[in-house]
S.K.: 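The following block contains the structure, expressed as structure tokens.
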2 protein chains.
Amino acid sequence: MSYQYLTIGAVERDSGIARDTLRIWERRYGFPLPMRNDKGERMYSQGQLRRLQRIRRLLDQGLRPGKVVTLSDADLDALEAELYPEAQLDESIENILNVLQTGDGSELGAVLAHSYQQQGMQAFITQTVIPLLHTVGERWARGQLQIFEEHLLSQVLLRLLNTEISALQHTAKQPRILLATLPGEEHTLGLLMLAALLSFRHISVINLGGEVPLDQIVAAVFRFDAAVLGISFSGAYQHDSIRGNVNQLRAMLPQSVDIWMGGEGVGRMRKLPPGVTRFASLDNLPL
Amino acid sequence: MSYQYLTIGAVERDSGIARDTLRIWERRYGFPLPMRNDKGERMYSQGQLRRLQRIRRLLDQGLRPGKVVTLSDADLDALEAELYPEAQLDESIENILNVLQTGDGSELGAVLAHSYQQQGMQAFITQTVIPLLHTVGERWARGQLQIFEEHLLSQVLLRLLNTEISALQHTAKQPRILLATLPGEEHTLGLLMLAALLSFRHISVINLGGEVPLDQIVAAVFRFDAAVLGISFSGAYQHDSIRGNVNQLRAMLPQSVDIWMGGEGVGRMRKLPPGVTRFASLDNLPL
DNA sequence: AATATTATTTGTCCTAGACAAATGAAAATT
DNA sequence: AATTTTCATTTGTCTAGGACAAATAATATT
């Protein structure tokens with residue numbers, strides 16, 4: 001499709017790996033070893049970008065660069081096969097994927113809405129949406145699914161969940177829960193699923209969305225007198241930053257405010273900071 | 001609130017100005033001149049960050065660094081006052097802002113929904129949402145409005161527009177329009193407003209959301225047989241990249257596919273690439 | 001088995017220079 | 001007078017190779 005070479009800036013953007021890190025991997029591990037243009041600048045191939053994206057995904061799972069960066073494509077395949085076992089899929093999920101990958105775009109919303117109406121919010125999210133997103137990620141890693149299909153699914157889910165929250169919000173009561181992600185964490189779908197589940201239980205939710213600076217989160221908690229602050233970390237979030245940021249938040253907020261941490265990024269943490277509640281899955285919220 | 005010093009990485013993240021650029025501004029213009037920690041690393045103050053954010057906003061308006069970076073706070077005030085003249089506000093907008101800044105969070109959605117029901121989609125978007133977002137930006141620049149309030153407004157609008165699109169989509173007919181922003185452009189609210197307006201006219205819209213790689217946009221156009229591709233550029237998008245990217249898109253797509261470009265970033269462009277339609281405002285779509 | 005100590009891995013930051021793309025100003029042309 | 005061309009300036013992104021501390025793994029000690 002596009003047999004263009006990419007600058008280091010473009011690779012940083014598309015892989016999520018910092019420039020400095022790309023250069024130092026090259027020095028230390030010998031990968032990626034991009035070509036150079038006549039100015040002496042690194043020019044990465046599409047294949048190198050793709051491998052970097054796969055590597056990034058493995059690092060997000062907790063693997064270490066020293067063991068992953070040097071792997072060949074074949075070894076990567078093997079490692080992925082091991083880490084992401086091919087789940088056997090529900091028939092309805094299979095169907096949704098099928099619509100996503102072969103449909104004409106307008107049907108996807110209808111199929112998902114149908115699932116939702118059959119299952120109700122809780123089951124829809126835990127048994128349909130989450131496995132669906134997992135599978136989409138796996139298929140992407142295998143090259144069986146295009147990125148725009150992933151985008152489309154996100155948008156359609158965004159619309160569906162927001163629509164349902166709208167329908168439920170006016171019945172909401174206390175306690176009030178404030179939701180946000182921290183700067184650097186753009187993945188807001190988890191937040192939205194949580195908001196939907198809470199709305200469904202008639203709990204009042206204020207969703208600030210993604211990338212909210214710490215002091216602003218604190219200001220919002222005070223302003224809206226929130227009883228709980230929910231922060232979501234996708235797998236992509238650097239483990240290191242999580243702890244520091246959450247400790248800082250804990251120190252800035254009164255003890256009466258509960259902090260909930262959720263998302264894949266949290267599941268891998270051993271110890272949680274004191275005064276913080278983990279909700280490992282959306283199945284059992286700490287209510 | 002937080003009188004902490006920030007590393008260059010944090011400033012890059014929160015101001016949107018690249019590390020390299022921060023260092024070179026320091027060299028060339030003498031601002032920002034951060035303190036150094038004992039490791040010799042730059043440590044920026046909150047005030048420096050704030051000024052950088054204001055500068056960034058002016059650059060997004062098309063001003064040049066050489067004229068802006070060296071300005072004092074007072075001169076910045078003056079420049080902002082000149083560039084963002086205090087618009088006199090509609091009473092209903094005044095009211096929405098008031099709810100945003102003093103309400104308890106749950107009312108905002110209701111107030112906006114009320115405006116929408118009174119005005120209909122077209123007027124709501126052009127006469128309420130757009131001036132509202134403008135004013136919020138101005139107030140933020142003046143330090144009269146907090147960032148979390150901006151986030152909250154975005155989320156509530158996101159929900160409202162998505163809800164209305166849901167209600168309208170199933171009546172949609174041809175032509176089919178595909179919407180997306182390019183990598184680097186995270187601002188998707190413009191896209192959503194466009195999607196809402198089009199849905200309101202019973203036009204079928206497929207919204208891929210933000211930051212979609214070029215080749216993926218092209219793949220999606222073919223897959224969904226879109227008649228029109230709509231790309232939105234916020235003011236923040238680098239003018240340079242716009243032209244190159246759009247030219248590339250034009251070359252990758254058959255002439256039968258119209259390309260629409262919109263958003264503030266486009267308004268400042270002199271010539272458009274050939275074969276591309278501009279919609280300067282959401283008031284008159286090229287239909 | 002749990003804890004403390006040492007070794008290794010790893011990412012972010014540093015300096016100072018180079019260069020081309022984009023922009024603005026001036027000159028030449030229609 | 002308006003448009004195009006040419007030249008000068010501004011500006012951001014990229015380079016190299018080194019340094020260092022925080023996080024993690026491995027080993028020793030209680």
Side-chain angles (χ1 to χ4, degrees), chain A residues 5-13 15-31 33-44 52 55-56 58-70 184 237-245 247 265 268-271, chain B residues 5-13 15-31 34-44 52 55-56 58-70 184 236-245 247 265 268-271:
Chain A
Y5 286 84
L6 306 158
T7 66
I8 198 171
V11 172
E12 172 182 52
R13 191 193 59 210
S15 72
I17 299 167
R19 266 160 233 251
D20 280 330
T21 305
L22 289 169
R23 284 196 271 256
I24 216 159
W25 281 4
E26 184 179 335
R27 215 198 293 171
R28 286 185 186 150
Y29 309 123
F31 179 86
L33 257 178
M35 295 171 39
R36 299 299 182 121
N37 66 10
D38 44 1
K39 240 205 280 183
E41 297 174 350
R42 281 167 249 260
M43 301 302 281
Y44 296 82
L52 285 168
I55 288 173
R56 169 76 203 267
L58 292 169
L59 296 185
D60 290 345
Q61 298 284 319
L63 299 193
R64 305 203 72 190
K67 305 196 171 168
V68 180
V69 176
T70 51
Y237 208 79
Q238 324 280 16
H239 337 26
D240 7 327
S241 349
I242 296 185
R243 192 181 310 273
N245 283 326
N247 279 332
R268 291 198 309 281
M269 287 182 73
R270 295 159 194 180
K271 291 182 205 162
Chain B
Y5 285 85
L6 308 158
T7 66
I8 198 171
V11 172
E12 173 182 52
R13 191 193 59 210
S15 72
I17 299 166
R19 265 159 233 251
D20 281 330
T21 305
L22 289 170
R23 285 194 271 255
I24 216 158
W25 282 3
E26 184 179 335
R27 217 197 291 171
R28 286 185 185 150
Y29 310 122
F31 179 86
M35 295 172 39
R36 299 297 183 121
N37 66 10
D38 46 358
K39 238 206 281 183
E41 298 174 349
R42 291 171 178 79
M43 302 302 281
Y44 296 82
L52 286 167
I55 289 172
R56 169 75 204 266
L58 291 169
L59 296 186
D60 291 345
Q61 297 285 319
L63 298 194
R64 305 203 73 187
K67 304 195 171 169
V68 179
V69 177
T70 52
Y237 207 79
Q238 324 280 18
H239 338 25
D240 8 328
S241 347
I242 296 184
R243 193 182 309 272
N245 283 327
N247 279 332
R268 290 198 308 281
M269 287 181 73
R270 294 161 195 177
K271 291 184 205 161

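By convention in this document, chain letters (A, B, ...) are assigned in the order of the sequence lines, proteins followed by strands, and residues within each chain are numbered from 1.
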S.K.: Taking the minimum atom-to-atom distance to the side chain of A/Pro65, which one of D/dT13, D/dT11, C/dT10 wins?
M.R.: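 From the listed options, C/dT10 comes nearest.
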S.K.: Within this structure, what is the CZ-to-P distance between B/Arg56 and D/dG12, rounded to whole angstrom?
M.R.: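 Whole-Å distance recorded here is 11 Å.
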S.K.: Between atom CG in B/Leu22 and atom P in C/dC14, what is the gap in whole Å?
M.R.: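 Between P of C/dC14 and CG of B/Leu22: 10 Å.
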S.K.: Would you mind reading off the distance between B/Arg64 atom CZ and C/dA25 atom C1', rounded to a whole angstrom?
M.R.: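 So the CZ-C1' distance, B/Arg64 to C/dA25, works out to 12 Å.
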S.K.: Minimum heavy-atom separation for B/Tyr29 to B/Pro65, with atom names?
M.R.: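 In this case the closest contact between B/Tyr29 and B/Pro65 is OH-CB, 4.1 Å.
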S.K.: Tell me which of B/Asp20 and A/Gly66 sits closer to the 5' end of DNA chain C, going by the nucleotide each one is nearest to.
M.R.: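 First, find each residue's nearest nucleotide; the 5'-ward one identifies A/Gly66.
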S.K.: Specify the separation, in whole Å, of atom CG of A/Leu63 and atom P of C/dT9.
M.R.: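 From A/Leu63 CG to C/dT9 P: 16 Å.
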S.K.: Quick one: B/Leu59 CG to D/dT11 P, roughly how many Å, whole number?
M.R.: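 Between P of D/dT11 and CG of B/Leu59: 9 Å.
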S.K.: Assess whether one donor atom and one acceptor atom, taken from the side chain of A/Arg27 and the base of D/dG18, lie less than 3.5 Å apart.
M.R.: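 It does, because a donor-acceptor pair links the side chain of A/Arg27 to the base of D/dG18 below 3.5 Å.
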S.K.: Five pairs at each end of the helix from C/dA1-D/dT30 to C/dT30-D/dA1: take the axis at both ends and give me the angle between them to 10°.
M.R.: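 Both end axes considered, the difference amounts to 30°.
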S.K.: Does OP1 or OP2 of C/dG11 have a side-chain N or O of A/Trp25 closer than 4.0 Å?
M.R.: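 True: A/Trp25 side-chain N/O within range (under 4.0 Å) of C/dG11 OP1/OP2.
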S.K.: Using the test side chain to side chain donor-acceptor pair (under 3.5 Å), find all partners of A/Lys67 that sit at least two apart in sequence or belong to another chain.
M.R.: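 Side chain to side chain donor-acceptor pair (under 3.5 Å) check on A/Lys67 returns nothing, list empty.
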S.K.: Just call it for A/Ile8: base, sugar-phosphate, or nothing, with non-hydrogen atoms closer than 4.0 Å on any strand.
M.R.: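 The residue A/Ile8 makes sugar-phosphate contact but no base contact.
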S.K.: If you only use heavy atoms from C-beta on, which nucleotide in C/dC14, D/dT24, D/dC14 is closest to the side chain of B/Glu41?
M.R.: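 In terms of side-chain proximity for B/Glu41, the closest of C/dC14, D/dT24, D/dC14 is C/dC14.
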S.K.: Which residues pass the side-chain contact (heavy atoms from CB on, under 4.5 Å) test with A/Thr21, not counting sequence neighbours?
M.R.: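 A/Thr21 satisfies side-chain contact (heavy atoms from CB on, under 4.5 Å) with A/Ile17, A/Ala18, A/Trp25 once adjacent residues are dropped.
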S.K.: Just list the side-chain donor-acceptor pairs under 3.5 Å for residues 33-40 of chain A, sequence neighbours left out, or say none.
M.R.:
unit_1, atom_1, unit_2, atom_2, d
A/Arg36, NH1, A/Gly40, O, 2.8
A/Arg36, NH2, A/Glu26, OE2, 3.4
A/Asn37, OD1, A/Lys39, N, 2.9
A/Asn37, OD1, A/Gly40, N, 3.1
A/Asn37, OD1, A/Glu41, N, 2.8
A/Asn37, ND2, A/Glu41, OE1, 3.4
A/Lys39, NZ, A/Glu41, OE2, 3.0

S.K.: Answer yes or no: does a side-chain N or O of B/Arg42 lie under 4.0 Å from OP1 or OP2 of C/dC14?
M.R.: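 So the side chain of B/Arg42 is within the cut-off, an N or O lying under 4.0 Å from OP1 or OP2 of C/dC14.
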S.K.: With B/Leu63, which residues qualify under side-chain contact (heavy atoms from CB on, under 4.5 Å), at least two apart?
M.R.: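 Residues passing side-chain contact (heavy atoms from CB on, under 4.5 Å) with B/Leu63: B/Leu58, B/Val68, B/Leu79, B/Leu83.
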S.K.: Can you tell me if the side-chain N/O atoms of B/Tyr29 get under 4.0 Å from OP1 or OP2 in D/dT10?
M.R.: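 No, no such contact exists.
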S.K.: Is any side-chain N or O of A/Arg28 under 3.5 Å from a base N or O of C/dG11, one able to act as donor and the other as acceptor?
M.R.: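 Check passes, donor-acceptor contact within cut-off.
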S.K.: Expressed as a whole number of angstroms, how long is the span from B/Glu26:CD to C/dA16:C1'?
M.R.: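 Value for this atom pair: 13 Å.
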S.K.: How would you label the contact of A/Arg23 with the nucleic acid (heavy atoms, under 4.0 Å): base, sugar-phosphate, or nothing?
M.R.: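 Base, at least one base heavy atom under 4.0 Å.
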S.K.: Can you work out whether A/Lys67 or A/Ile24 has the more 5'-proximal nearest nucleotide on DNA chain D?
M.R.: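 Here A/Ile24 is the residue nearer the 5' end.
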S.K.: Please confirm whether any donor atom in the side chain of A/Arg19 sits under 3.5 Å from an acceptor in the base of C/dG11, or the reverse.
M.R.: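 Check fails, no donor-acceptor contact within cut-off.
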S.K.: Give me the atom names and distance for the closest heavy-atom approach of B/Leu59 to B/Arg64.
M.R.: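 In this case the closest contact between B/Leu59 and B/Arg64 is CD2-C, 3.8 Å.
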S.K.: It should be established whether B/Thr7 places a side-chain nitrogen or oxygen under 4.0 Å from OP1 or OP2 of nucleotide C/dT12.
M.R.: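 The answer is no; no side-chain N or O of B/Thr7 sits under 4.0 Å from OP1 or OP2.
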S.K.: Can you check whether A/Thr21 has a side-chain N or O nearer than 4.0 Å to OP1 or OP2 of C/dT10?
M.R.: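 No.
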S.K.: How far apart are the closest heavy atoms of B/Leu22 and B/Val11, and which atoms are they?
M.R.: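 It is CD1-CG1, 3.7 Å.
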S.K.: Taking for each residue the nucleotide of DNA chain D bearing the nearest heavy atom, is the 5' side occupied by A/Arg36 or by B/Lys39?
M.R.: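 Going by which nucleotide is closer to the 5' end, it is A/Arg36.
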S.K.: Which residues pass the salt bridge (Lys or Arg N to Asp or Glu O under 4.0 Å) test with A/Arg23, not counting sequence neighbours?
M.R.: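 For A/Arg23, the residues satisfying salt bridge (Lys or Arg N to Asp or Glu O under 4.0 Å) (neighbours in sequence not counted) are A/Asp20.
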